[in-house]
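The structure under discussion appears below in the form of structure tokens.
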Amino acid sequence: MKKILFAGFDGIDNPARELVCSVSSPCCRVILPNDKMASVELLKGEIARFEPDIVLMTGQKPAIKDKVSVELFAKSSEETLMTAIDCEAVRDFILSCGYACYISKNCGTSYCNHIYAECLKVFPRGLFLHIPFKKSITDFAKLTCVYDKLVNILNQHKLSS
């Protein structure tokens, strides 16, 4: 069984936080503060302490409704950092669970991109998934079920090389 570190940003009514707390599949969970430097320090500390096989991160993307955005890469200055995780396999798995999903080449310009880039600099087996704001999620229980299945399948050595 692989070790999964599952991280999401803190905040009132933040569905990323709720997902991290709701998933029942075995994983180490961390809630990241809404502070760029503190969140990077915490995540890197948890990577060093837990020694995961995969770091799964999630945050909010304002322009989507009832779908998951699989982030192919992050940008740091002029550098593009690619994940070592098979994004197409993750997308296909989420689609097979009956949830809309697509691969994105835009992880944003602030917190999500920052934490993803900093993770990938030290741990290339990180993956960032964006979800909608809570008001744009019709069935949060269904989304939680999809994430639970995703963490479970990642634990079983599937979807990742």
Side-chain angles (χ1 to χ4, degrees), residues 1-11 14-23 25-61 64 67-95 97 99 101-132 143-144 146-161:
M1 180 183 283
K2 288 191 176 187
K3 294 187 331 186
I4 310 298
L5 175 59
F6 186 23
F9 286 104
D10 200 2
N14 188 334
R17 181 187 204 289
E18 290 182 41
L19 272 176
V20 171
C21 295
S22 298
V23 165
S25 291
C27 62
C28 179
R29 295 164 180 83
V30 62
I31 304 300
L32 303 170
N34 291 309
D35 175 287
K36 286 183 179 181
M37 299 313 291
S39 62
V40 168
E41 185 177 315
L42 178 58
L43 184 66
K44 286 181 177 179
E46 288 300 296
I47 290 170
R49 184 183 69 77
F50 185 64
E51 298 180 347
D53 296 298
I54 296 170
V55 175
L56 181 63
M57 298 162 281
T58 193
Q60 299 178 104
K61 191 170 202 170
I64 59 176
K67 64 179 76 166
V68 174
S69 173
V70 179
E71 301 302 338
L72 189 57
F73 57 79
K75 292 196 178 216
S76 176
S77 300
E78 298 302 316
E79 185 179 16
T80 299
L81 302 157
M82 301 288 291
T83 179
I85 303 294
D86 185 345
C87 292
E88 289 181 4
V90 171
R91 179 206 53 208
D92 293 347
F93 179 77
I94 292 170
L95 288 169
C97 292
Y99 210 85
C101 185
Y102 68 100
I103 294 176
S104 167
K105 295 180 180 176
N106 182 6
C107 194
T109 59
S110 193
Y111 289 93
C112 298
N113 182 73
H114 183 75
I115 195 73
Y116 196 19
E118 292 300 315
C119 175
L120 292 176
K121 285 177 184 177
V122 298
F123 192 84
R125 297 193 49 73
L127 180 64
F128 200 98
L129 303 178
H130 269 117
I131 57 174
L143 181 61
T144 300
V146 168
Y147 264 73
D148 208 25
K149 289 176 182 178
L150 178 62
V151 170
N152 190 46
I153 202 86
L154 290 171
N155 272 327
Q156 296 175 23
H157 301 271
K158 299 179 181 174
L159 301 184
S160 60
S161 38

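All values reported here derive from a predicted model rather than from experimental measurement.
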### Message
Taking side chain to side chain donor-acceptor pair (under 3.5 Å) as the cut-off, I'd like each qualifying pair that reaches into residues 27-42, sequence neighbours left out, listed once.
### Response
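Sorted pair list comes back empty.
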
### Message
Quick check: do Leu150 and Val23 have side-chain heavy atoms less than 4.5 Å from each other?
### Response
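SC-SC contact between Leu150 and Val23 ruled out.
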
### Message
Contact between Val55 and Phe123 at the side-chain level, heavy atoms closer than 4.5 Å - yes or no?
### Response
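Yes - at least one pair of side-chain heavy atoms lies under 4.5 Å apart.
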
In chain order, what residues pass the side-chain contact (heavy atoms from CB on, under 4.5 Å) check against [X], with sequence neighbours excluded?
{"X": "Cys87", "value": "Val70, Leu72, Thr83, Ile103, Leu127"}
{"X": "Pro132", "value": "Ile64, Ser136, Ile137"}
{"X": "Val146", "value": "Ile94, Cys97, Tyr99"}
{"X": "Cys21", "value": "Arg17, Ile31"}

### Task
Measure across Asp10 and Pro33 and return the closest heavy-atom pair with its distance rounded to 0.1 Å.
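So the minimum-distance heavy-atom pair works out to CB-CA, 4.5 Å.
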
### Task
Using the test side chain to side chain donor-acceptor pair (under 3.5 Å), find all partners of Glu18 that sit at least two apart in sequence or belong to another chain.
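For Glu18 the side chain to side chain donor-acceptor pair (under 3.5 Å) partners, ignoring immediate neighbours, are Lys134.
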
### Task
Report the residues that fulfil side chain to side chain donor-acceptor pair (under 3.5 Å) with Asp148, sequence neighbours left out, ordered by chain and then residue number.
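Applying side chain to side chain donor-acceptor pair (under 3.5 Å) to Asp148 gives Ser24, Ser25.
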
### Query
Mind checking what makes salt bridge (Lys or Arg N to Asp or Glu O under 4.0 Å) contact with Glu118, not counting sequence neighbours?
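Testing Glu118 for salt bridge (Lys or Arg N to Asp or Glu O under 4.0 Å), a comparison that skips the adjacent residues, returns Lys44, Lys121.
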
### Query
salt bridge (Lys or Arg N to Asp or Glu O under 4.0 Å) with Lys61: which residues, sequence neighbours excluded?
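Partners of Lys61 under the salt bridge (Lys or Arg N to Asp or Glu O under 4.0 Å) test: Glu71.
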
### Task
Measure from NZ or CZ of Lys149 to the centre of the six-membered ring of Phe93, then state whether that distance is under 6.0 Å and the direction lies within 45° of the axis.
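Negative - Lys149 is either too far from the ring of Phe93 or too far off its axis.
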
### Message
Between Tyr147 and Thr58, is there a side-chain donor-acceptor contact under 3.5 Å, judged purely by atom types and distance?
### Response
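A donor-acceptor contact under 3.5 Å links the two side chains.
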
#### Entry: Residues that Phe128 engages under ring-ring contact (aromatic ring centres under 6.0 Å, His included), provided they are two or more places apart
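So Phe128 forms a ring-ring contact (aromatic ring centres under 6.0 Å, His included) with Tyr116, His130.
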
### Query
Are the side chain of Asn155 and the backbone N or O of Pro26 linked by a donor-acceptor pair below 3.5 Å?
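Yes.
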
